[in-house]
There are 2 protein chains.
Amino acid sequence: MTIYEVAKRAGVSIATVSRTLRGTGPVAAKTREKVLKAVEELNFTPSRLGVSLAEGRHAANGIVFPTLGGPYYAEVLLGYEEVASELGRSVLILSAKGGSNVREAVKELAGRVDGLVVFGRTVPGDVVAELAGMPLVFISCGPMAGADTLRCENVESARVLAGHLRGHGYRRFAFLGAPHTPGDDISERWEGVESVLGGAVRPVPTAEYTVEGGYEAARKLLRKKSRPRALICSGDEVALGALLAAEEYGLAVPEDLAVTGWDDIMAARHARPALTTIRQPMRELGAQAARVLDELITRPRPERHRTLPTQLVVRSSCGIHPQEDP
Amino acid sequence: MTIYEVAKRAGVSIATVSRTLRGTGPVAAKTREKVLKAVEELNFTPSRLGVSLAEGRHAANGIVFPTLGGPYYAEVLLGYEEVASELGRSVLILSAKGGSNVREAVKELAGRVDGLVVFGRTVPGDVVAELAGMPLVFISCGPMAGADTLRCENVESARVLAGHLRGHGYRRFAFLGAPHTPGDDISERWEGVESVLGGAVRPVPTAEYTVEGGYEAARKLLRKKSRPRALICSGDEVALGALLAAEEYGLAVPEDLAVTGWDDIMAARHARPALTTIRQPMRELGAQAARVLDELITRPRPERHRTLPTQLVVRSSCGIHPQEDP
DNA sequence: TTGAAAGCGTTACCAA
DNA sequence: TTGGTAACGCTTTCAA
């Protein structure tokens with residue numbers, strides 16, 4: 001089913017069919033009738049490949065995740081898809097998974113879209129270099145040359161959180177889920193926390209930023225008698241794992257041990273004690289990324305770097321303030 | 001940058017360049033050298049549009065969600081992307097969101113892929129009809145004519161759950177988050193529960209299958225003195241909402257009120273009391289869907305309908321069995 | 001107001 | 001072993 005068959009049936013040229021369907025150029029009312037009738041009868045839909053080839057654009061854009069695991073990325077995708085969809089662009093996704101063939105996969109993806117949103121540090125630098133020229137937005141990533149970036153605020157909110165915890169009177173802290181790669185979100189969180197707490201806090205790495213990772217690291221930490229009074233976790237999932245470990249050791253949270261998270265994923269609200277955490281506007285991050293990318297595609301402009309505000313959400317896992325007691 | 005420029009630079013024809021790059025047909029070692037050198041120097045990548053047009057396939061497939069909200073769909077997507085990626089297919093996603101333009105969006109998507117996975121009842125019947133001929137897999141959806149289907153088992157596990165609860169000695173039940181649309185997962189769950197509990201259980205609808213929806217419905221229900229002894233919720237999020245309502249009314253779970261969920265999302269494990277629920281192999285559902293779709297695309301065959309097994313996960317929200325007491 | 005034809009970038013068949 | 005060329009399905013310019 002091609003435009004030729006429609007044209008033949010309607011007794012016009014393919015050019016006229018195209019004009020009729022796209023509303024570009026003039027078409028006599030009578031001719032339009034005939035064409036639409038033929039389109040209807042043949043149930044014709046223009047080939048996307050043909051359209052893209054002729055238009056010189058895909059009307060689609062992609063997004064590259066480090067992984068699709070965990071609630072964090074799902075929220076970002078939700079915001080992204082919604083806006084991209086509104087803007088009339090299809091959405092292609094790719095999960096890097098630390099897989100070996102990321103290079104190929106990213107290049108393949110790039111060939112199918114007009115622009116790409118990439119989570120910070122998921123794609124090797126040289127691959128990024130090959131993508132130069134294509135509209136690119138890095139998210140969850142600090143300002144860098146050569147592309148727009150978009151992230152959630154980390155340092156300042158980390159300071160607020162640390163200050164809040166010190167207000168509870170705690171003196172010894174651990175930062176659970178310490179940074180592996182410099183420059184990412186986690187690093188900034190650590191930076192902010194340390195700037196307030198100084199020597200009172202020490203970084204404790206986890207194998208992964210997951211419940212399992214948090215659990216294992218917390219077990220080791222809580223076993224010792226010289227355990228910290230408060231666990232500042234670099235992510236909610238890590239904090240959830242820490243909660244599990246505390247429970248196992250019979251430590252009451254927050255009475256014996258304070259625990260805080262980051263991101264405000266769904267489970268943070270439903271855990272008991274409910275997690276004090278920093279809410280990131282994840283959906284908004286995705287939505288903004290889609291908008292910025294669309295701008296970039298529509299008309300190139302100098303790069304811009306934006307930071308979205310975050311918010312401390314105080315629940316019960318961090319401690320009870322005197323004025324909160326009845 | 002097209003294949004013509006490469007050919008010119010290498011001093012060969014475009015046919016030879018194509019053969020060299022795809023490894024189809026014979027190419028003299030020396031010629032191959034020249035071509036690869038030119039490709040390297042020009043940093044040539046074949047246009048995906050051109051390839052697809054000539055090959056007559058997209059090497060991509062799509063998946064249509066009712067919504068991207070909630071942890072359930074994220075898991076399915078994870079499994080789907082992983083397998084599709086392995087099979088060398090790009091992934092396009094679409095969230096129907098109950099939006100008005102689903103029709104257009106689905107048809108647009110269909111034009112970009114070789115096959116589609118669709119969550120049951122997200123796409124209007126007549127749109128599905130227009131898709132006939134395209135490989136299609138419906139998931140989370142019972143057997144139907146005209147396409148493969150894939151779902152998680154519901155009825156039998158519902159019976160197991162209901163039996164378990166009756167074993168706790170409860171007599172009055174409510175099924176929270178009762179079905180709105182016949183034939184979907186929720187309906188099957190209700191069917192199974194009712195087949196065991198009969199008149200002892202009554203269906204209570206929620207505005208949505210969300211925490212909020214569960215919370216609101218549970219509040220109304222628990223306000224009355226003739227409240228049920230156990231709440232069988234049709235989804236974990238609804239159950240989480242019910243837990244919130246119970247807490248608000250000072251009802252201890254499971255001592256005063258038993259609550260169960262469905263799906264085993266992450267928050268189910270971390271809620272306190274931890275949710276008794278039915279685990280669905282969501283990731284596996286997505287992965288299988290990708291595989292089935294690939295089969296269908298590769299070589300058409302008679303439709304097939306499969307059901308994945310589920311599993312009752314007993315945690316603490318459903319009640320304490322005597323033998324579990326120390 | 002309409003149509004002819006030139007792209008757009010490949011693949012693959014058929015000759016040479 | 002290589003090259004010429006039709007085919008894939010559309011958009012758009014230019015003439016008529």
Side-chain angles (χ1 to χ4, degrees), chain A residues 1-39 42-60 88 90 107-114 133-134, chain B residues 1-39 42-60 88 90 107-114 133-134:
Chain A
M1 179 52 18
T2 75
I3 198 173
Y4 286 91
E5 308 177 46
V6 177
K8 184 185 290 177
R9 179 158 198 135
V12 299
S13 74
I14 60 166
T16 300
V17 175
S18 179
R19 270 191 304 257
T20 305
L21 259 21
R22 318 199 98 214
T24 157
V27 177
K30 217 158 176 176
T31 312
R32 140 180 254 85
E33 289 289 290
K34 286 190 300 185
V35 171
L36 292 180
K37 183 153 164 288
V39 165
L42 295 172
N43 189 23
F44 169 74
T45 309
S47 150
R48 183 66 238 183
L49 251 21
V51 174
S52 288
L53 203 51
E55 278 188 332
R57 59 168 218 145
H58 296 274
S90 294
K107 289 172 72 174
E108 168 75 23
L109 177 61
R112 295 174 179 272
V113 300
D114 301 318
M134 154 161 295
Chain B
M1 181 51 19
T2 74
I3 199 172
Y4 285 91
E5 308 178 47
V6 177
K8 183 185 290 176
R9 179 157 198 135
V12 299
S13 75
I14 60 166
T16 300
V17 175
S18 181
R19 272 192 302 258
T20 304
L21 258 24
R22 318 199 98 215
T24 157
V27 177
K30 217 159 178 177
T31 311
R32 137 181 255 85
E33 288 289 290
K34 286 190 300 185
V35 171
L36 292 179
K37 182 151 166 288
V39 165
L42 295 171
N43 189 22
F44 169 74
T45 311
S47 149
R48 183 65 238 182
L49 251 22
V51 174
S52 288
L53 200 53
E55 278 189 331
R57 58 169 220 144
H58 296 273
S90 294
K107 287 172 71 176
E108 168 75 22
L109 177 61
R112 295 173 178 272
V113 300
D114 301 318
M134 154 162 294

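Only a predicted model underlies this, so the values are computations on that prediction, with no experimental measurement involved. In what follows, every heavy atom counts, from backbone to side chain, and hydrogens, waters and symmetry copies are set aside. Order of the sequence lines sets the chain letters (A, B, ...), proteins ahead of strands, with each chain counted from 1.
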Is [X] touching bases, backbone alone, or none of the nucleic acid, heavy atoms closer than 4.0 Å?
X     : answer
A:T2  : sugar-phosphate
A:P26 : base
A:T20 : nothing
A:R48 : nothing
B:A28 : sugar-phosphate
A:S13 : base

Quick one: [X] [atom1] to [N] [atom2], roughly how many Å, whole number?
X     : N      : atom1 : atom2 : answer
A:K8  : C:dT2  : NZ    : C1'   : 19 Å
B:I3  : C:dT10 : CD1   : P     : 6 Å
B:R19 : C:dA12 : CZ    : C1'   : 9 Å
B:L53 : C:dG7  : CG    : C1'   : 13 Å
B:I14 : C:dT11 : CD1   : P     : 9 Å
A:R57 : D:dT11 : CZ    : C1'   : 13 Å
A:K30 : C:dT2  : NZ    : C1'   : 16 Å
A:L21 : D:dC10 : CG    : P     : 10 Å

Problem set entry | Presence of donor-acceptor pair under 3.5 Å, side chain of A:Y4 and base of D:dC10 |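 When only heavy-atom distances are counted, A:Y4 does reach the base of D:dC10 through a donor-acceptor pair under 3.5 Å.
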Return no unless some side-chain N or O of [X] is found under 4.0 Å from OP1 or OP2 of [N].
X     : N      : result
A:R22 : D:dT12 : yes
A:S18 : D:dT11 : yes
A:T16 : C:dG3  : yes

Looking only at the side chain of [X] (C-beta and beyond, no hydrogens), which of the listed nucleotides [options] gets closest?
X     : options                : value
A:V12 : D:dG3, C:dG9, C:dG3    : C:dG3
A:A54 : D:dT12, C:dT11, D:dC10 : D:dC10
A:S47 : D:dT2, D:dC10, C:dA4   : D:dC10
A:F44 : C:dT11, C:dT2, D:dC10  : D:dC10

For this session: Answer yes or no: is there a donor N or O on one side and an acceptor on the other, between the side chain of B:H58 and the main chain of A:L49, under 3.5 Å?
Result: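 Between the backbone of A:L49 and the side chain of B:H58 there is no qualifying donor-acceptor contact (under 3.5 Å).
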For this session: Mark yes or no for whether A:T20, through its side chain, and A:T16, through its backbone, hold a donor-acceptor pair below 3.5 Å.
Result: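 Answer holds: yes.
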For this session: Working to the nearest 0.5 Å, report the span between CE of A:M1 and CG of A:N43.
Result: 8.5 Å
Problem set entry | A:R22 and A:S18 side chains, donor-acceptor separation under 3.5 Å |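 No, no side-chain donor-acceptor pair sits under 3.5 Å.
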Exercise. Should B:V39 and B:T45 count as side-chain neighbours, where that means a heavy-atom distance under 4.5 Å?
Worked result: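 No, side chains not in contact.
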Exercise. Is A:E108 paired with A:R112 through a side-chain N to carboxylate O contact shorter than 4.0 Å?
Worked result: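 A:E108 and A:R112: salt-bridged.
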